[in-house]
There are 2 protein chains.
Amino acid sequence: MTETASRPTLEAVAERAGVSRATVSRVVNGGDGVREPLVERVRQAVEELGYVPNQAARSLVTKRHDAVAVVIAEPETRVFADPFFALQLRGISKELTAHDNQLVLLLTEGRDDHARVARYLAGGHVDGALVFSLHLDDPLPGLIQGAGVPTVFGGRPGWSDGTRDVVYVDSDNRGGARDAVRLLAGLGRTRIAHITGPLDQTSAADRLDGYREVMGDADPGLVVESDFTPGGGERAMRALLERCPDVDAVFAANDLTAAGAVRVLRERGRRVPEDVAVVGFDDMMPVAEQTDPPLTTVRQDIEEMGRIMARLLLRRLERRTADGAAGGADGSDAPVVLPTTLVRRASA
Amino acid sequence: MTETASRPTLEAVAERAGVSRATVSRVVNGGDGVREPLVERVRQAVEELGYVPNQAARSLVTKRHDAVAVVIAEPETRVFADPFFALQLRGISKELTAHDNQLVLLLTEGRDDHARVARYLAGGHVDGALVFSLHLDDPLPGLIQGAGVPTVFGGRPGWSDGTRDVVYVDSDNRGGARDAVRLLAGLGRTRIAHITGPLDQTSAADRLDGYREVMGDADPGLVVESDFTPGGGERAMRALLERCPDVDAVFAANDLTAAGAVRVLRERGRRVPEDVAVVGFDDMMPVAEQTDPPLTTVRQDIEEMGRIMARLLLRRLERRTADGAAGGADGSDAPVVLPTTLVRRASA
DNA sequence: GTGAAAGCGCTAACAG
DNA sequence: CTGTTAGCGCTTTCAC
């Protein structure tokens, strides 16, 4: 049973429908300018033969792929431990498939992979790229920009030189942090500490900036650097308690960290929020609601971020096609910063 | 600045190297049967021009894509909340890129997407598929098998009819469960409860089976159905405590659930493991080590599962290519069940 | 060993 | 409106 019977081609459909290849092509691609009866005949032939266009052949002539790469750099994969990227991927996937684009996932593990990714992107396999790389020293973004592929970044890239006009989508980390700290201050707290994330990531750095904006020249001992993990949150909280036993509020850089901090606080007999109020960041569903007490936190809509990233890229690609391949980052491309919202629960 | 300067083609390289397109092609594809000096000349030209082969053109003739789809069905995406898929994806990605294959991620959100995915797979965009669908009633696997694309499943598919010869990679859920329960029994526990996962997933069902194998005709009241979440674990534990206050051990279907159970236990003043011993499943790093006390659990190597899935598929594709497109699931394709290992920590 | 030539399946002018 | 005609960039016989 040599069932391989290679897929039917345009030619086959044309023959069966008694028309030319060109007509079939037109129908398959929307059917504009083809008279109804013919359209119908072709549709039927397509149906009967189970015709599916060969993407490779199509790409070869159109130079489009209807595919977008999502690049997640190694240091981030770790972060898979929280649902952050999964949610973002979902948002991206939804938007992409809504526009008939495929998602090609590129995970990198260190330097060697950088070259591979750059080559792949430069190789014109995909129409554009969505890149997550939020570390100050990451060479990947540079390589990718070099590859000349339209790109949108997830999160503000951490380049020292702010001159390049990159398009990115980010949450208003700074503003969210300000809101959190202001809430705490408004509650009458005066010794407000901050447990940061890894400061080589812009999100963490921006949250720290927000904290500082509100706190002014407060005791620097109130700031402890941590790493976005629950374990890190615990360690940081212990250090904090040691250093500033009079701390009466904590703004943690994310919910995971906040959860760790709360655990230590209760272990040490401090009541939350009576003795120490705690605010987190993210509003990750399983975490923020599961802690005891449930976390007051700064919500960012991760899935929406993903969706917007995809939308931005797709729009750019569209424009590029229309413009006759000019389409660099013209005026209408600008970073998008999504607002955050404070979600009040029981911890502050 | 019309910087578009379309990528250099084989032709361009050939001209620059002073050879024919065919020769360049040979060199680019391994360079067998081309004399050293020429190889060198071509390599140089490639380098200078920054030539990267056009995959679409290549696929058009070879009918290979060096791309594999990973399909994750809706009900699973939820599970993104634990790092399970992320790890699996990593394993897959590593293996795939090691063999120069791309990973095309297909996330589905309900029925409509099924058709889309089936069409995509049938459309011959990828050489094979890796599919995660572990629910009893999921129609997707059937559709995919219908599409005629070589496929390897992640986890034992939950079909009632076991007749189809599917290839899948799974952990030894049943064996792991047996080990867990035997450990508990060996500790002298007699009232060993089981908090299950969602029983429409084969992993959960298999773990329950393992539990029952060891427990024989124990009190059925000791089994509580749950959902793999911490919150579910808490609810289940409360119900259990109500129903069987004399429970002295719990085997939870995963670590998240175990963590929830432990929390409730301590809340109710039962010491772990003295009063109630607890064993989890998965050995998810952030969870199992963070709980207090750290969880004794059944480890499965998720990343390795992913890697093996990819390896299996790749091997099959290779064989298929060699065989001249025959390569159905011949004898050498069989499900792979990976062993689990008991990790002893403090909770039992 | 190396080159010439034929196409893979499709789209995009261009005629008619 | 519809058909005809060129290729897109690459691999692959088949001669040389």
Side-chain angles (χ1 to χ4, degrees), chain A residues 4-43 45-46 49-67 122-125 127 321-322 324-325, chain B residues 4-43 45-46 49-67 100 122-125 127 321 324-325:
Chain A
T4 317
S6 49
R7 269 164 233 317
T9 70
L10 252 200
E11 182 93 46
V13 178
E15 189 175 358
R16 180 168 192 114
V19 298
S20 74
R21 297 209 309 271
T23 300
V24 178
S25 176
R26 289 183 188 112
V27 172
V28 170
N29 293 292
D32 307 319
V34 179
R35 250 190 285 256
E36 192 46 46
L38 272 199
V39 172
E40 207 38 60
R41 272 226 312 277
V42 172
R43 288 250 162 80
V46 166
L49 265 36
Y51 169 76
V52 181
N54 178 323
Q55 191 62 36
R58 179 180 281 176
S59 292
L60 187 54
V61 32
T62 59
K63 277 136 170 12
R64 302 186 67 258
H65 303 261
D66 297 316
H125 302 263
D127 301 324
T321 316
Chain B
T4 317
S6 48
R7 267 163 235 317
T9 70
L10 253 200
E11 182 95 46
V13 179
E15 189 175 358
R16 181 166 192 115
V19 299
S20 74
R21 297 210 306 271
T23 300
V24 179
S25 177
R26 289 182 188 114
V27 172
V28 170
N29 294 292
D32 306 318
V34 179
R35 252 189 284 256
E36 192 45 47
L38 273 199
V39 171
E40 208 38 60
R41 270 224 317 274
V42 172
R43 287 252 162 78
V46 165
L49 263 37
Y51 169 75
V52 181
N54 178 322
Q55 191 66 288
R58 177 180 282 178
S59 293
L60 187 54
V61 32
T62 60
K63 278 133 169 15
R64 301 186 67 259
H65 298 85
D66 297 317
D100 276 309
H125 301 262
D127 301 324
T321 316

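Lettering of chains follows the sequences in order, A, B, ..., and the numbering in each one begins at 1.
Contact between V24(A) and A14(A) at its shortest, heavy atoms only, is CG2-CA, 3.5 Å. For S59(A) against A56(B), the heavy-atom pair with the smallest separation is CB-CB, 3.8 Å. Across Y51(B) and V28(B), no two heavy atoms sit closer than the pair CE2-CG2, 4.1 Å. The minimum heavy-atom distance between D127(B) and K63(B), with the atom names listed, is OD1-O, 4.3 Å.
With hydrogens and angles ignored, the 3.5 Å screen pairs no side-chain donor or acceptor of R26(A) with any backbone N or O of R21(A).
Residues N54(B) and R7(B) are not in side-chain contact: their nearest non-hydrogen atoms beyond the backbone lie 4.5 Å or more apart. Proximity of H125(B) to D66(A): side-chain heavy atoms (C-beta onward) are nowhere separated by under 4.5 Å. Side-chain contact between V27(B) and L38(B): absent, with no pair of heavy atoms (C-beta onward) separated by less than 4.5 Å. Between R41(B) and T23(B), every side-chain heavy-atom pair lies at or beyond the 4.5 Å cut-off. A 4.5 Å side-chain heavy-atom check between Q55(B) and L60(A) finds every atom pair outside the cut-off.
Residue contacts for V28(B): at a heavy-atom cut-off of 4.0 Å it reaches no nucleic acid atom on any strand shown.
Take the nearest nucleotide of DNA chain C for A22(B) and for V61(A): the residue whose nucleotide is more 5' is A22(B). Comparing R21(A) and R26(A) against DNA chain C, the residue whose closest nucleotide sits nearer the 5' end is R21(A).
Running 5' to 3' along DNA chain D, contacts with non-hydrogen atoms of chain B at under 4.0 Å begin and end at dG9(D) to dT13(D). Reading DNA chain C from its 5' end, the first and the last nucleotide to sit under 4.0 Å from a heavy atom of chain B are dG1(C) to dG9(C).
Defining each end axis of the helix from dG1(C)-dC16(D) to dG16(C)-dC1(D) as the rotation carrying four pairs' C1' atoms onto the next four, with five pairs an end, the two axes are found to diverge by 30° to 10 degrees.
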